[in-house]
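Okay, so here's the structure we're looking at.
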Amino acid sequence: MADKKKKKPQKLKARSPRGFVDRSAADIRATDEMIGKIREVYERYGFDPVETPAFEYTDCLGKFLPDTDRPNAGVFSVQDDDEQWMSLRYDLTAPLARHVAENINEITLPYRTYRNGWVFRNEKPGPGRFRQFMQFDADTVGAPGVQADAEMCMMMADTMEALGIARGDYVIRVNNRKVLDGVMEAIGLGGDENAEKRLTVLRSLDKLDKFGEEGVRQLLGKGRKDDSGDFTEGAGLDEQDISELFGIVILSTPDELFEVIGKPPYETKRNANLIAGANELNTMQSIFENCGYERDRIKIDPSVVRGLEYYTGPVYEAELLFDVTNEKGEKVQFGSVGGGGRYDGLVKRFTGQDVPATGFSIGVSRLMTALKNLGKLGQDDVLAPVLVTVMDKDTESLGAYQKMVQDLRGAGIRAEMYQGNPKDFSKQMRYADKRGCPIVIIQGNDERQSGKVQLKDMIEGKRQAAAIESNEEYRAARPGQFEIEAGSLVDEVKKLLAAQK
RNA sequence: GCGGACGUAGCUCAGUUGGUUAGAGCGCUGGAUUGUGGCUUCAGAGGUCGGUGGUUCAAAUCCACCCGUUCGUACCA
């Protein structure tokens with residue numbers, strides 16, 4: 001045993017890093033298809049592409065200033081030659097803010113741009129959750145009015161439909177940060193001393209989808225015990241505060257919002273934030289209505305939270321409403337597939353001047369899993385190539401095979417010559433079978449002498465083969481195969497491909 | 001990060017109270033078949049039993065720690 005162990009050469013284990021995956025041909029094609037459809041919508045809305053690099057100086061990205069203890073908390077960071085910290089971008093918004101600030105004198109505002117690209121997060125990966133994933137963003141920089149936000153919401157809705165998601169299978173939920181801030185202020189959570197508590201409240205509200213109203217009420221109050229028996233400390237609000245909070249958070253139109261804040265207990269507690277938020281939502285709602293985006297597409301929902309860090313006004317997110325099942329057939333909570341909002345302070349960090357902006361992000365990788373499971377994405381509809389098999393290995397024959405391939409390619413047909421070891425013909429057939437080749441082309445010495453070529457319809461061949469039992473018979477029958485004039489190869493292949501559709 | 005479950009061949013899994021050389025199905029490679037996919041049949045390759053340490057005459061099996069997967073939870077720009 002010990003001897004055996006020593007003799008074994010230590011093989012290097014091939015493995016991709018945790019949370020990183022390789023993409024198959026089908027995935028790449030599906031992604032390309034999605035990106036194309038999304039881009040078409042953005043272009044139609046008058047946005048232009050711009051691209052930023054994968055790395056940024058860490059301080060430009062935002063809150064993660066790596067200290068020597070944990071330089072990679074949340075982000076992947078490395079130190080450059082000159083000891084400056086750089087990080088892989090974790091979203092596309094912060095780098096855009098940097099780009100705008102750096103080029104503020106050349107850029108004409110309002111600046112309308114889109115971009116897609118990989119972003120990286122150094123977090124615990126899970127099923128459908130990776131440390132590298134793709135986002136597709138659109139932003140309007142230098143637009144202070146909520147009509148820019150409303151446009152974003154409508155563009156998100158159009159994008160969902162362009163991707164083949166039916167109306168009613170998605171919804172864009174819209175809120176305004178000022179409403180949440182105002183409500184929290186109204187129940188006495190204003191001021192710097194309550195900053196921590198406000199965060200807890202927002203985090204709790206964000207879990208409405210997951211835990212339902214009862215679960216969130218527990219989180220807002222004393223706390224909640226989860227299935228594993230773990231206890232999560234609550235925000236510590238009393239029953240009355242929670243009720244007042246829910247009185248607003250469950251509403252679904254600006255009219256209802258105005259009504260509630262016009263009556264007790266809000267009549268006396270309402271504040272500038274709450275009123276401004278309601279007014280902004282009202283303006284956006286009327287834009288949606290005027291443009292024909294009813295509540296089955298875009299819906300006001302004061303429980304929407306989004307990120308805690310930089311949003312300052314309207315926030316919005318796209319949610320899928322149909323059930324998504326995973327490979328094991330289990331239903332998965334899918335949640336939002338994209339979202340965004342107004343970030344008026346992000347560029348100002350660099351320039352000192354107010355540069356209001358709004359934009360959103362679509363989680364391409366995430367959305368793709370949903371669409372794939374739903375069969376709404378072209379299931380790799382690229383046809384495998386026609387295979388020209390190699391029967392004779394002399395120089396002249398090889399040249400003839402290659403010529404057939406080139407002729408087919410010249411006619412726009414995917415084609416390839418067998419590039420493995422050609423000594424075993426049945427191996428070539430098995431290759432064609434596994435590859436899914438629709439047609440195999442065969443020319444041996446006999447055919448060449450008489451200027452013919454064999455064309456084998458792999459689909460028809462498979463069908464006929466089912467009735468044949470003995471191997472001898474099967475081989476003799478050559479199912480699905482017929483002979484044509486070598487000169488008409490391209491035409492015959494075209495004809496057969498068309499017939500196979 | 002915290003708590004639970006799990007980890008044996010490429011895949012799905014079996015492996016008795018700790019006991020000889022760790023198995024099956026599928027897949028893979030090759031032969032039967034030097035001009036034909038499927039079927040049939042024969043053969044073969046493939047395992048640090050997740051890792052390290054410990055208990056024991058003896059560990060895939062028991063113990064500890066670590067790593068990974070997964071579920072819940074926390075965090076998520």
Side-chain angles (χ1 to χ4, degrees), chain A residues 1-2 4-11 13-15 17-19 61-64 70 73-75 87 89-95 97 119-127 129 131 135 199-200 203-204 206-207 210-211 215 219 223-233 305-311 326 328 330 335 339-341 343 346 361 387 389-393 422-437 440-447 454 456-481:
Chain A
M1 189 68 182
K4 201 179 170 187
K5 233 177 189 173
K6 266 178 205 160
K7 267 185 247 164
K8 272 266 162 331
Q10 194 67 23
K11 278 180 291 186
K13 172 119 177 145
R15 67 219 204 279
R18 205 160 58 98
L61 281 182
K63 65 174 178 178
F64 292 98
R70 300 181 63 199
V75 295
S87 298
R89 61 188 177 193
Y90 52 78
D91 71 8
L92 298 176
T93 310
V119 300
F120 306 84
R121 294 189 187 178
N122 193 358
E123 290 168 354
K124 185 173 104 179
R129 199 177 163 153
R131 297 205 288 176
Q135 293 191 331
L199 273 182
T200 312
R203 284 175 187 143
S204 307
D206 207 19
K207 297 189 171 67
K210 208 170 178 182
F211 300 147
L219 281 173
R224 178 179 180 274
K225 194 182 244 181
D226 65 55
D227 295 347
S228 70
D230 215 30
F231 184 75
T232 308
E233 189 69 35
V305 178
R306 295 303 301 167
L308 307 167
E309 202 59 23
Y310 53 59
Y311 291 126
N326 64 14
K328 290 176 192 156
E330 299 160 341
Y343 51 97
L346 217 47
S361 176
L387 182 74
T389 54
V390 176
M391 206 116 240
D392 300 317
K393 294 103 193 166
K423 80 171 190 335
D424 185 352
F425 189 72
S426 83
K427 197 170 169 175
Q428 300 191 40
M429 291 305 297
R430 265 175 303 185
Y431 172 81
D433 188 40
K434 281 181 189 156
R435 191 119 159 71
C437 297
V440 164
I441 290 160
I442 305 160
Q443 189 185 51
N445 197 38
D446 299 347
E447 288 87 359
Q454 299 281 343
K456 184 170 173 114
D457 180 339
M458 294 296 281
I459 299 164
E460 175 62 14
K462 185 164 204 152
R463 204 184 58 76
Q464 290 179 13
I468 305 174
E469 275 178 28
S470 88
N471 199 40
E472 290 76 14
E473 195 188 335
Y474 172 73
R475 289 176 164 228
R478 298 182 179 178
Q481 191 170 327

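Throughout, a chain's letter reflects where its sequence line sits, starting with A, and its residues are numbered from 1.
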- Message: Ignoring hydrogens and geometry beyond distance, is the side chain of A:R129 in donor-acceptor contact with the base of B:rC76 at under 3.5 Å?
- Response: yes
- Item | Residues that A:R475 engages under salt bridge (Lys or Arg N to Asp or Glu O under 4.0 Å), provided they are two or more places apart | none
- Query: If the C1' atom of B:rG72 is compared with that of B:rU16, how far apart are they to the nearest Å?
  - Reply: 35 Å
- Each nucleotide of nucleotides 38-43 of chain B classed B (base within 4.0 Å of a protein heavy atom), S (only sugar-phosphate) or -, in 5' to 3' order, makes BB----
- Task: With sequence neighbours left out, write down each residue that passes salt bridge (Lys or Arg N to Asp or Glu O under 4.0 Å) with A:R306, or none if nothing qualifies.
- Result: A:E317
- Message: Under 4.0 Å, heavy atoms only, any strand: does A:D457 hit a base, just the sugar-phosphate, or nothing?
- Response: base
- Query: Would a distance-only check, ignoring hydrogens and angles, find a side-chain to backbone donor-acceptor pair under 3.5 Å from A:Q428 to A:P422?
  - Reply: yes
- Kindly express the pairing pattern of RNA chain B in dot-bracket notation, using | wherever a base pairs with another strand and counting only Watson-Crick or G-U pairs under 3.5 Å. (((((((..((((.....[...)))).(((((.......))))).....(((((..]....))))))))))))....
- When all nucleic acid strands are considered with a 4.0 Å heavy-atom cut-off, which category describes A:R203: base, sugar-phosphate, or nothing? sugar-phosphate
- A:Y431 meets the side-chain hydrogen bond (donor to acceptor under 3.5 Å, both in side chains) criterion, sequence neighbours left out, with A:E416, A:R435
- When you compare B:rU12 with B:rC57, how far apart are their P atoms, in angstrom units rounded to a whole number? 38 Å
- Message: Taking side-chain contact (heavy atoms from CB on, under 4.5 Å) as the definition, give me every residue that meets it alongside A:K427, ordered by chain and number, with sequence neighbours left out.
- Response: A:Y418, A:D424, A:R430
- Message: I need the CE-P distance between A:M429 and B:rU33, as an integer number of Å.
- Response: 19 Å
- Query: Between A:R131 (side chain) and A:P125 (backbone), is there a donor-acceptor pair under 3.5 Å?
  - Reply: no
- Query: Between B:rG37, B:rG35, B:rC76, which nucleotide has the shortest distance from any of its atoms to the side chain of A:E123?
  - Reply: B:rC76
- Query: With sequence neighbours left out, what residues match A:Y343 under side-chain hydrogen bond (donor to acceptor under 3.5 Å, both in side chains)?
  - Reply: A:D139
- Item | A:E447 and A:M391, any side-chain heavy atoms less than 4.5 Å apart | no
- Message: Taking 4.0 Å as the cut-off, does a side-chain nitrogen or oxygen of A:K207 come that near to OP1 or OP2 on B:rU73?
- Response: no
- Item | Euclidean distance, atom CD of residue A:Q428 to atom C1' of B:rG35 [Å, nearest integer] | 10 Å
- Message: What's the gap between B:rU8 and B:rC49 when it is taken at their P atoms, as a whole Å value?
- Response: 11 Å
- Query: Heavy atoms under 4.0 Å, any strand shown: does A:E473 hit a base, just sugar-phosphate, or nothing?
  - Reply: nothing
- For A:R89, answer base if it contacts any base atom (sugar-phosphate contacts may also be present), sugar-phosphate if it contacts only those atoms, and nothing otherwise; contact means non-hydrogen atoms under 4.0 Å. nothing
- Separation of atom CZ in A:F425 from atom P in B:rG31, rounded to whole Å: 16 Å
- Message: For a quick check of understanding: with a heavy-atom distance under 4.0 Å over all strands, which category does A:Y310 fall into, base, sugar-phosphate or nothing?
- Response: sugar-phosphate
- Message: So for atom NZ, which belongs to A:K225, do other residues, nucleotides or ligands contribute more than 12 heavy atoms lying within a distance under 6.0 Å?
- Response: no
- Message: Between B:rU55 and B:rG46, how far apart are the two C1' atoms, rounded to whole Å?
- Response: 33 Å
- If a pair satisfies side-chain hydrogen bond (donor to acceptor under 3.5 Å, both in side chains) and one of its residues is in residues 462-471 of chain A, list it, with sequence neighbours excluded. A:E460-A:R463, A:E460-A:Q464
- Separation between the C1' atoms of B:rG15 and B:rG47, rounded to whole Å: 14 Å
- Note on the structure: Residues passing the side-chain hydrogen bond (donor to acceptor under 3.5 Å, both in side chains) test with A:D392, sequence neighbours excluded, are A:R448
- Message: From NZ of A:K423 over to C1' of B:rG35, roughly how many Å is that when rounded to an integer?
- Response: 15 Å
- Query: Under 4.0 angstrom, heavy atoms only, what part of the nucleic acid is A:K427 near: base, sugar-phosphate, or nothing?
  - Reply: sugar-phosphate
- Query: Which part of the nucleic acid does A:F211 contact within heavy-atom distance under 4.0 Å: base, sugar-phosphate only, or nothing?
  - Reply: sugar-phosphate
- Task: Using the P atom on both, measure B:rC11 against B:rG50 and round to a whole Å.
- Result: 13 Å
- Message: Would you measure the distance from the C1' atom in B:rC75 across to the matching atom in B:rA22 and give it in whole Å?
- Response: 44 Å
- Task: Could you measure between the two C1' atoms, the one in B:rC66 and the one in B:rC28, and give it in whole Å?
- Result: 34 Å
